Amino acid sequence: MTDDGPGARPPQERGWPVGGAVARSFPREVLAAETLAAARALLGARLVRDALPGLAARRVGRIVEVEAYLGLDDRASHARMGPTDRNRVMFGPPGIAYVYLVYGMHCCLNVVTEASARPAALLVRAVEPVEGADAMREARAVAGGGRRSAATGGRVPRPIPNARLAAGPGLVAAAFGIDRTHTGLDLCDPASSLRLEARPPDEPAPEIAATPRIGISYAPEAWASVPWRFIVPRSPSLSRRS
DNA sequence: GCAAAGATTTGCT
DNA sequence: GCAAATCTTTGCC
């Protein structure tokens, strides 16, 4: 599907100059709408982290893979057991970051969607590096990665290709230096150091495909197979090769 | 209060 | 292709 999603044409062209170009914040109303529509609109949008002066350059990624988790009924969603200390922000307003720790070692970034009445969020599973690839590589080195050194036997690890720097939910967080302290951050606020920006006007809307979600085999079949994972099929940065 | 599993990634078999 | 690494949250006793 290549039709323009709801986010293709923001009702209001909010913009501000950044490095000669004009960056547009990602419209909150798109995230406030139905989650599956918001998921499609989020593909092609930018995840931006401002430079950390003296520490890291500005990092920008093109979102190419997201998963939707919606409602109390979704047996694969963290919201399935109602509000808890961990998932509480999912029950709040749209555009807010929800970051959780999974498998005791990886953080995953979610964007809260829909009104407070319904708990829903989009898991950002992969982005294509657009700017600051070196900073992403350094951040991943700091994060350490899943399995620690030990068996490397002193060998020099193979350098990570740019396209694979943030090709997975845990890797997105690692590459952008995102952790649970970012939970509650407003990703639609241009003043936030970590935020979403709309796809550049001169960039065509991405092709979109839908597949079942990944890593949720614990959920009942109906929920495990529903096609709520949305990808840009030709991207070299998907979490799984296609 | 304790045991089990998880929206993952990696390196070795 | 499989299992380890690692710790928080959930579920059951």
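Every chain is numbered from 1 and lettered A, B, ... according to where its sequence line falls, protein lines coming before strand lines. Side chains included, hydrogens not; waters and symmetry mates left out as well; all remaining heavy atoms used. Values in this document were obtained by computation on a predicted structure and should not be read as measured data.
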Minimum-distance nucleotide (side-chain atoms of [X] versus [options]):
| X | options | value |
| --- | --- | --- |
| A:L171 | B:dT8, B:dG6, B:dT10 | B:dT10 |
| A:M81 | B:dT8, B:dG6, C:dG11 | C:dG11 |
| A:P169 | C:dT6, B:dT8, C:dT9 | B:dT8 |
| A:M105 | B:dT8, C:dA5, C:dT8 | C:dA5 |

Without decimals, in angstroms, what is the distance between [X] [atom1] and [N] [atom2]?
| X | N | atom1 | atom2 | answer |
| --- | --- | --- | --- | --- |
| A:Y218 | B:dT8 | OH | P | 8 Å |
| A:N87 | C:dT10 | CG | C1' | 12 Å |
| A:R86 | C:dT10 | CZ | C1' | 8 Å |
| A:L109 | B:dT8 | CG | C1' | 15 Å |
| A:R213 | B:dG6 | CZ | P | 15 Å |
| A:E65 | B:dA7 | CD | P | 16 Å |
| A:L165 | B:dT9 | CG | C1' | 14 Å |

>> With a 4.5 Å cut-off on side-chain heavy atoms, are A:L47 and A:L194 touching?
In response: yes
> Does the side chain of A:M136 come within less than 4.5 Å of A:E131's, by heavy atoms?
Replying inline: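 Counting from C-beta outward, A:E131 and A:M136 never come under 4.5 Å.
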Do the side-chain N or O atoms of [X] get closer than 4.0 angstrom to the phosphate oxygens (OP1, OP2) of [N]?
| X | N | answer |
| --- | --- | --- |
| A:Y98 | B:dA7 | no |
| A:R140 | B:dT10 | yes |
| A:R125 | B:dT8 | yes |
| A:S77 | B:dA7 | no |
| A:H78 | C:dT9 | no |

>> Can you check the distance between B:dA5 and C:dA3, where both ends of the measurement are the P atom (answer in whole Å)?
In response: 15 Å
> Rounding to the closest angstrom, what is the interatomic distance between C:dT6 and B:dC2 at atom P?
Replying inline: 23 Å
> Quick check: does any side chain N or O of A:R137 sit under 3.5 Å from a backbone N or O of A:I160, one acting as donor and the other as acceptor?
Replying inline: yes
>> Tell me which one of A:E67, A:R164, A:R125 satisfies side-chain hydrogen bond (donor to acceptor under 3.5 Å, both in side chains) with A:S239.
In response: A:R125
>> Taking the cut-offs as 6.0 angstrom to the six-membered ring centre and 45 degrees off its axis, would you call A:R213 and A:Y69 a cation-pi pair?
In response: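 Because its charged atom sits under 6.0 Å from the ring centre and within 45° of the axis, A:R213 does stack over A:Y69.
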>> Looking at C:dA5 and A:Y103: do their rings stack (centroid distance under 5.5 Å, interplanar angle under 30°)?
In response: no
>> Between B:dA7 and A:Y100, counting only base atoms on the nucleotide and side-chain atoms on the residue, is there a donor-acceptor pair under 3.5 Å?
In response: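 Result: at least one qualifying N/O pair found.
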> What's the verdict on salt bridge (Lys or Arg N to Asp or Glu O under 4.0 Å) for A:R195 and A:E197, showing C-alpha distance, side-chain angles and the deciding distance?
Replying inline: CA-CA 7 Å; A:R195 62 185 178 278; A:E197 287 181 1; 3.2 Å; yes
> Does any nucleotide pair with C:dC12 by Watson-Crick or G-U wobble geometry, both distances under 3.5 Å, and what is it?
Replying inline: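 C:dC12 is paired, partner B:dG1.
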